Amino acid sequence: MSASRFRFPHVEMPEVAVQLRAEVREFLAEERASGGFVPMADCWASAMSPEYSRKVGQRGWLGMTWDKQYGGHGRSFLERYVVTEEMLAAGAPVMAHWIADRQSGPQIIKNAQPHVRDQIIPRIVAGDCFCAIGMSEPNTGSDLASVSTKAEKVEGGWRVNGTKLWSTGAHGCDYMITLLRTAPPDAKARHEGLSQFIIDLKSPGVQIRGIADIGGQVHFNETQFEDVFVPDDYVLGEVGQGWQMVVGELALERSGPERFLSSFIVLQEAMRVLVTNPSDKTREVLGQLVAKIKTLRRMSLGIAGLLEEGSSPEMEAALVKDVATRFEREMLEKLRSILPAHILAASNGLLPTLLREGILRVPSSTLRGGTNEVLKGMIARQLGMR
Ligand SMILES: Cc1cc2nc3c(=O)[nH]c(=O)nc-3n(C[C@H](O)[C@H](O)[C@H](O)COP(=O)(O)OP(=O)(O)OC[C@H]3O[C@@H](n4cnc5c(N)ncnc54)[C@H](O)[C@@H]3O)c2cc1C
């Protein structure tokens, strides 16, 4: 067994990224001061503001790494990392554009028909077009090969029937990148017969129903398709190649700093409140949390370095997602233990809200984007243990 199969290269931030960080911080401070947003825990999956996303697009911070010829900004993965990291650390309302910027855009650039790509990508870059992920179904989660929502060939396109579940943000999105069955299941070739489609969520026959989470917030949905027509040119890549595309997309889905920074705003706000006269226990807990977060950041940044060099760091992303999402649970528990009620009550009101939202949201972190048990299986295989 060799841990060296995982690579986490040391990354020095280039000067351009250091300057960019200052710009992003200034923008965030202005937005917050002018009431443009109130910080939220788990902002990338729960704080949707198309207006804010448009402002981010106007700054040139969406589609940052995409080729200029497609409407992107041709910047580095490290520059994009700085922007996403700062937005998450501030708890900014980035949900509307998050999925399109992270994974749907790259998928569309690589696999869509040129005219479809040219129609959608500039709008994503402008913060004017948002996407959802349609992989899971009522009876399909970890085992994506069992997808049963069907696309049947008809004149000029495909007719789609079935239900997708847990579709984050679909209620505010324009398109769903959807994994569909285009051929009957074959027990001997389970990953075949699947294809990816770009489905316009305004199409007749699409019904989106919000699902409230444990805290009563509606951020994910049940999306039903009833005889929905999808034109031929909205198939992504080749018919039957859906599985390979989904695997590539999951690497992007799991590789970003949101996997360890979803609750960072809670830690930051707690530290601001606890900094006067901390007890020994408080110092110890905060010290441990900061040390762990620094290590996770070092690993996460290494993944951005691998993306920059053109690698597909699927295994590194799985490892960081597993460790980081468990850390986020631990962090909120520990913060709760060192924040007595009188300190919470004396804070300006933001901390109790952030802590409550963080605690209610964190159970989802070890499920969404692939459960930790499934990630551990992948890691074990990579280490030659299974
Ligand atoms: C907040 C949130 C947002 C989400 N957003 C989206 C979205 O936008 N689009 C989308 O398509 N999906 C989304 N999902 C769905 C998510 O991807 C699935 O919940 C996840 O893949 C697990 O699937 P499942 O819930 O069906 O559980 P199951 O796959 O049924 O798993 C049940 C349990 O069995 C375990 N298990 C399953 N297989 C294995 C295995 N091989 N080895 C060991 N243990 C195993 C799991 O770890 C889990 O504990 C979201 C989920 C959440 C919680």
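Every number for a ligand or one of its atoms is a count from 1 in the order of the listing. Fair warning: this is a prediction, and the values are worked out from it, not measured in the lab. One-based numbering along the sequence shown.
- If you check each of Ile177, Asp42, Val374 against atom 41 (N) of ligand 1, the one with the closest non-hydrogen atom is Val374.
- Among the atoms of Ile99, none of the N or O lies under 3.5 angstrom from an N or O of ligand 1.
- Residue Phe130 comes nearest to Gly172 through the heavy atom pair CD1-O, 3.6 Å, listed as atom of the first residue, atom of the second, then distance.
- Judged by distance alone, the side chains of Ser365 and Glu328 never bring a donor and an acceptor atom under 3.5 Å apart.
- When Thr371, Leu144, Val147 are checked for heavy-atom proximity to atom 46 (C) of ligand 1, Thr371 turns out nearest.
- If you check the side chains of Glu222 and Thr163, you find no donor sitting under 3.5 Å from an acceptor.
- Of all the heavy atoms in Ser167 and Met176, the pair that sits closest is CB-CE, 3.5 Å.
- Under a 4.0 Å N-O distance rule, the pair Glu333/Arg336 qualifies as a salt bridge.
- The side chain of Phe220, and not its backbone, has at least one atom closer than 4.0 Å to an atom of ligand 1 (non-hydrogen atoms only; side chain from C-beta on).
- Atom numbering of ligand 1 starts at 1 in the shown order; those under 4.0 Å from a heavy atom of Leu367 are 20 (C), 53 (C).
- At a heavy-atom cutoff of 4.0 Å, ligand 1 is contacted by both the backbone and the side chain of Ser142.
- The option from His219, Glu373, Met378, Lys376 that lies nearest to atom 43 (C) of ligand 1, judged by heavy atoms, is Glu373.
- In Thr168, the parts holding a heavy atom less than 4.0 Å from any atom of ligand 1 are both the side chain and the backbone.
- Taking any N or O of Ile133, backbone or side chain, at least one lies under 3.5 Å from an N or O belonging to ligand 1.
- Polar contact check, Asp143 against ligand 1: no nitrogen or oxygen pair lies under 3.5 Å apart.
- There is a path of hydrophobic side-chain contacts, each under 4.5 Å, that joins Val362 to Ile338.
- At least one heavy atom of Ser167 sits less than 4.0 Å from an atom of ligand 1.
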- Message: Between Glu23 and Arg59, does the salt bridge (Lys or Arg N to Asp or Glu O under 4.0 Å) criterion hold? Intermediate values first, please.
- Response: CA-CA 10 Å; Glu23 261 178 66; Arg59 291 280 172 145; 5.5 Å; no
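- Residues Phe197 and Val235 have side chains in contact (heavy-atom distance under 4.5 Å, counting atoms from C-beta outward).
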